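Read through the structure below, which is laid out as structure tokens, and then see the notes.
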Amino acid sequence: MASTGMQIFGFVLALLGIMGAMVATLLPNWKVSADVGSNIITAISQMQGLWMDCTWYSTGMFSCTLKYSVLSLPAYLQTARTTMVLCCVLAAMGLCLASVGLKCTRWGGGRRSKRHAAIASGGCFVAAGFLCLVPASWFTNEVITKFLDSSVPESNKFEPGGAVYVAFVSAGFLFVGGSIFCMSCSGKRHGPQDLVLLPPPDKLLLQQQQQQQLLQQQQELQHQYCSLSPLDNKTGYSLQDYV
């Protein structure tokens, strides 16, 4: 029961992790314009994400521009796009496997197959957490490096946005959920490995009695057939009776 509860807890954490990874992938605020120096009082606030760049104006208007060209993007941004998409795909596969490997579910086969499915789902969650952590770390490093660069104008300096923090938290959820699934089924189990469905005791006893009776009848018929003499096997009629 304890491992079942831990599996459900890990499933919830993994579900929160994949939801956070999807939200972070779509959010446009991976980095936001920094309010430093003479740029504290500004009429424009800029945000940049993986797929679009958005701008807030002092009039309340909001406009976004999609990044259509992939080759023109820097390497860290291309890597962030690819890894975040792979993270969402792997996490989704892990959820499918986890729903089969949960001990509280009826589908998925016996204990051995459920254990294998749970371990595979845990591996998917851990890999998805790693793929979510890499772009968040690399993106943060690039933003901080350019922020501390004195050659960059203050109007072009950015700081990490909310999407980066969501990605870090989602990676943590995926790591913890995957670890729980791997540890909950890593130990050896005693007893039968697969679930065998047996009939009730009354039906099982009745089946055994019927089999014994059928076997006795077969033995009696075989004994009677072997005890017959060759003369008994002949018919009692002869051809002379009809001629």
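Computation of the quantities below employed the complete heavy-atom set of this structure, encompassing side-chain atoms and omitting hydrogens, waters and symmetry-equivalent molecules. Note that the coordinates shown come from a computational prediction; the quantities given were computed from them, not determined experimentally.
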Inset, instruction - Drop me the distance from Phe125's CZ to Leu13's CG, to the nearest 0.5 angstrom. - result: 10.0 Å
Inset, instruction - State, to 0.1 Å, how close Gly49 and Trp30 come at their nearest heavy-atom pair, and which atoms those are. - result: CA-CD1, 3.9 Å
Legend entry - Nearest atoms (heavy-atom pairs only) where Leu50 meets Lys67: O-CD, 4.2 Å
Legend entry - Closest heavy-atom pair and its distance - Cys132, Ala21: SG-CB, 4.5 Å
Inset, instruction - Report yes or no: is the SG-SG distance between Cys54 and Cys64 under 2.5 Å? - result: yes
Legend entry - Donor-acceptor contact below 3.5 Å, side chain Thr82 vs main chain Thr79: no
Inset, instruction - Return the set of residues passing salt bridge (Lys or Arg N to Asp or Glu O under 4.0 Å) with Lys146 (not counting sequence neighbours), or none when no residue passes. - result: none
Inset, instruction - Look at the side-chain heavy atoms of Ile, Leu, Val, Met, Phe, Trp and Tyr, link any pair under 4.5 Å apart, and say whether Met19 and Met93 land in one connected group. - result: no
Under 3.5 Å, which donor-acceptor pairs link side chains of residues 171-178 to any protein atom two or more places apart or in another chain?
none

Legend entry - Nearest non-hydrogen partners of Phe181 and Gly122, listed with the distance: CB-CA, 3.9 Å
Legend entry - ILVMFWY cluster, Leu15 and Leu97 together (side-chain gap under 4.5 Å): no
Legend entry - Within one Ile-Leu-Val-Met-Phe-Trp-Tyr cluster: Val164 and Leu73, side-chain cutoff 4.5 Å: yes
Legend entry - Separation of Leu71 CG from Gln78 CD (nearest 0.5 Å): 6.5 Å
Inset, instruction - Locate the shortest heavy-atom distance separating Cys87 from Ala128; write the atom from each residue and the value. - result: SG-O, 3.1 Å
Inset, instruction - Report yes or no: do Met52 and Tyr68 belong to one cluster of Ile/Leu/Val/Met/Phe/Trp/Tyr joined by side chain heavy-atom distances under 4.5 Å? - result: yes
Legend entry - Test side chain to side chain contact (heavy atoms under 4.5 Å, CB included) applied to Phe168 and Leu133, step by step: CA-CA 6 Å; Phe168 276 117; Leu133 183 64; 3.6 Å; yes
Legend entry - From CZ (Phe147) to CD (Glu142), nearest 0.5 Å: 15.5 Å
Legend entry - Euclidean distance, Leu90 CG relative to Thr83 OG1, rounded to 0.5 Å: 11.5 Å
Legend entry - Interatomic spacing from CZ in Phe11 to CE in Met6 - rounded to 0.5 Å: 15.5 Å
Inset, instruction - Check whether Tyr76 and Trp51 end up in the same hydrophobic cluster, where Ile, Leu, Val, Met, Phe, Trp and Tyr are linked by side-chain heavy atoms less than 4.5 Å apart. - result: yes
Inset, instruction - State, yes or no, whether a side-chain contact exists between Asp53 and Gln46 at a heavy-atom distance under 4.5 Å. - result: no
Inset, instruction - Would you check if Gln7 and Lys114 make a side-chain contact, meaning some heavy-atom pair closer than 4.5 Å? - result: no
Legend entry - 4.5 Å side-chain heavy-atom contact, Leu26 and Met22: no
Legend entry - Shortest non-hydrogen separation from Ser170 to Gly17 and the atoms involved: CB-O, 3.4 Å
Legend entry - Side-chain hydrophobic cluster, 4.5 Å single linkage: members besides Leu27: Val23
Inset, instruction - Nearest 0.5 Å please: distance from the OG1 atom of Thr65 over to the CD atom of Gln48. - result: 10.5 Å
